[in-house]
Amino acid sequence: MSNSSASPARTKKRNLAIGSGVVAVALLFGWFSYAATKPESATDTSGSEAVAEVSAPEQNDTYTQLAKLARREAKDPLAQGRADAPVVLIEYADFKCGFCGKFARDTEPALVKKYVEEGKLRIEWRNFPIFGEESQAAARGAWAAGQQGRFWEFHMAAYAEGAKEKGFGDGRLKTLAREAGVADVDRFVRDVASDAARKAVTRDQEEAYGLGATSTPSFLINGRPIAGAQPAETFTQAIDEALATAEGAK
């Protein structure tokens, strides 16, 4: 079984460990989603919010509890960076989300170069399909590519400029798999349709909804919520603050 799935007992134990922190961040994400979708807020054509909110910078018990959502599984194909990196950025995103694509193209590569390659940051992806069946299919496709070690290549192909406009039907998913360098496309097709793929995507989706997230992209940086589209400086500031906190805790 893939390490992206979890037993009911393990999931229950994890939920109990997070405890009241989930309730608190649900309120935070709920407010951020409300603020992002007020009438004066701009939206992109995919329905994802262009205006976002970021939580207060100070570390607190809620953030500490939410930081435990980081899986830190060394062989997780939907993650990059050291499993023991001092900071973990969890991203909840949808491949049909225009602003998720903008983050993937414009912001994430710089974060990888500045922090991930230096061993300071780990990025863990969570599939959070909210725009219908094609979102679900793309999420399963990304998971399936990950089973052959090509998740991030699939991620890049699916978020390329103009990619989402071509849709994520069966034929398109196979094209993306080939672009991503997936070696066994027949296996990829089987994996996309598998119960394991559906369970893995549902696990991520339920985690996001449990946090109160209703829009994409949504993030946790060492447990600190950041919701919606944000400039690169917001992420670097939050990561630098998390690094300083981690260093101070040593």
Side-chain angles (χ1 to χ4, degrees), residues 1-8 10-11 44-48 71-81 83 90-105 108-109 112 116 122-209 213 215-218:
M1 180 180 294
S2 166
N3 56 18
S4 63
S5 61
S7 69
R10 181 180 175 185
T11 300
D44 82 336
T45 56
S46 73
S48 183
R71 296 169 187 171
R72 293 187 178 275
E73 297 169 356
K75 296 183 179 180
D76 183 355
L78 276 63
Q80 58 179 322
I90 302 173
E91 178 184 4
Y92 302 90
D94 185 318
F95 285 103
K96 284 186 70 67
C97 162
F99 283 96
C100 298
K102 182 173 177 60
F103 173 80
R105 293 189 300 272
E108 191 170 40
V112 170
V116 176
R122 175 176 174 83
I123 298 176
E124 295 188 358
W125 171 271
R126 304 286 191 268
N127 276 304
F128 187 28
I130 60 174
F131 295 122
E133 179 51 41
E134 283 204 353
S135 292
Q136 293 279 348
R140 295 194 303 272
W143 180 88
Q147 303 315 292
Q148 298 188 52
R150 307 301 288 182
F151 167 78
W152 291 104
E153 291 80 4
F154 184 96
H155 172 278
M156 183 182 299
Y159 276 139
E161 195 73 56
K164 77 182 181 69
E165 286 77 13
K166 297 178 181 178
F168 295 104
D170 292 345
R172 179 66 180 148
L173 288 179
K174 287 192 285 187
T175 296
L176 290 171
R178 294 187 182 98
E179 290 178 9
V182 172
D184 188 339
V185 176
D186 289 338
R187 176 193 167 187
F188 169 84
V189 171
R190 293 193 300 272
D191 284 343
V192 169
S194 70
D195 287 341
R198 294 180 187 278
K199 288 178 181 177
V201 171
T202 297
R203 176 196 182 191
D204 289 353
Q205 193 173 37
E206 289 180 349
E207 182 176 293
Y209 280 133
S215 63
T216 54
S218 292

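Note that the coordinates shown come from a computational prediction; the quantities given were computed from them, not determined experimentally. Residue indices begin at 1 and follow the sequence shown.
- From Lys166, atom NZ reaches atom OG1 of Thr175 across 9.0 Å, with rounding to the nearest 0.5 Å.
- Panel note: side chain Gln148, backbone Asp184; a donor-acceptor pair is recorded below 3.5 Å.
- A donor-acceptor pair under 3.5 Å links the side-chain atoms of Arg150 to the main chain of Ala180, judged by distance alone.
- Checked against salt bridge (charged side-chain N to carboxylate O under 4.0 Å, His left out), Lys102 has the following partners two or more places apart in sequence or in another chain: Asp106.
- Heavy-atom minimum distance, Ala139 versus Pro129: CB-CG, 4.2 Å.
- Closest approach of Tyr159 to Cys97, counting heavy atoms only: CE2-O, 4.1 Å.
- Taking CZ of Arg71 as the start and CZ of Arg122 as the end, the distance is 10.5 Å to the nearest 0.5 Å.
- Between Phe168 and Ser135 the shortest side-chain heavy-atom distance does not fall below 4.5 Å.
- Within the 4.5 Å cutoff, side-chain heavy atoms of Tyr92 are placed close to those of Glu207.
- Remark: Leu78 CG to Glu73 CD distance equals 10.5 Å, nearest 0.5 Å.
- Remark: Asp94 does not engage Lys164 in a salt bridge, criterion side-chain N to carboxylate O under 4.0 Å.
- Ion pairing between a basic and an acidic side chain is recognised when a charged N comes within 4.0 Å of a carboxylate O; Arg126 and Glu124 show such pairing.
- Considering only heavy atoms from C-beta on, Tyr209 comes within 4.5 Å of Ile130 through its side chain.
- For an aromatic pair to be called close, the ring centres must be under 6.0 Å apart, and Trp125 with Phe103 fails this.
- His155 and Ala104 make their closest contact through CE1-CB, 3.6 Å (heavy atoms, listed as atom of the first residue, atom of the second, distance).
- Counting only heavy atoms from C-beta outward, the side chains of Leu176 and Phe95 never approach each other to under 4.5 Å.
- With salt bridges taken as basic N to acidic carboxylate O contacts below 4.0 Å, one links Glu134 and Lys96.
- For Asp170, the CG atom counts as loosely surrounded, since its 6.0 Å shell holds 12 or fewer non-hydrogen atoms of other residues, nucleotides or ligands.
- A salt bridge does not link Lys199 with Asp195: none of the charged nitrogens is closer than 4.0 Å to a carboxylate oxygen.
- Here Thr216 contributes atom OG1 and Phe131 contributes atom CZ; the two are 4.5 Å apart, rounded to the nearest 0.5 Å.
- Shortest non-hydrogen contact noted between Trp143 and Ser194 is CZ3-OG, 4.0 Å.
- Aromatic ring pairs are classed by plane angle as parallel below 30°, tilted from 30° to 60° and perpendicular above 60°; the pair Phe154 and Phe188 is tilted.
- Considering all non-hydrogen atoms of both residues, Ala213 and Ser218 come closest at CB-OG, 3.9 Å.
- Scanning both residues, Gln136 and Val201, for their nearest heavy atoms gives OE1-CG1, 3.9 Å.
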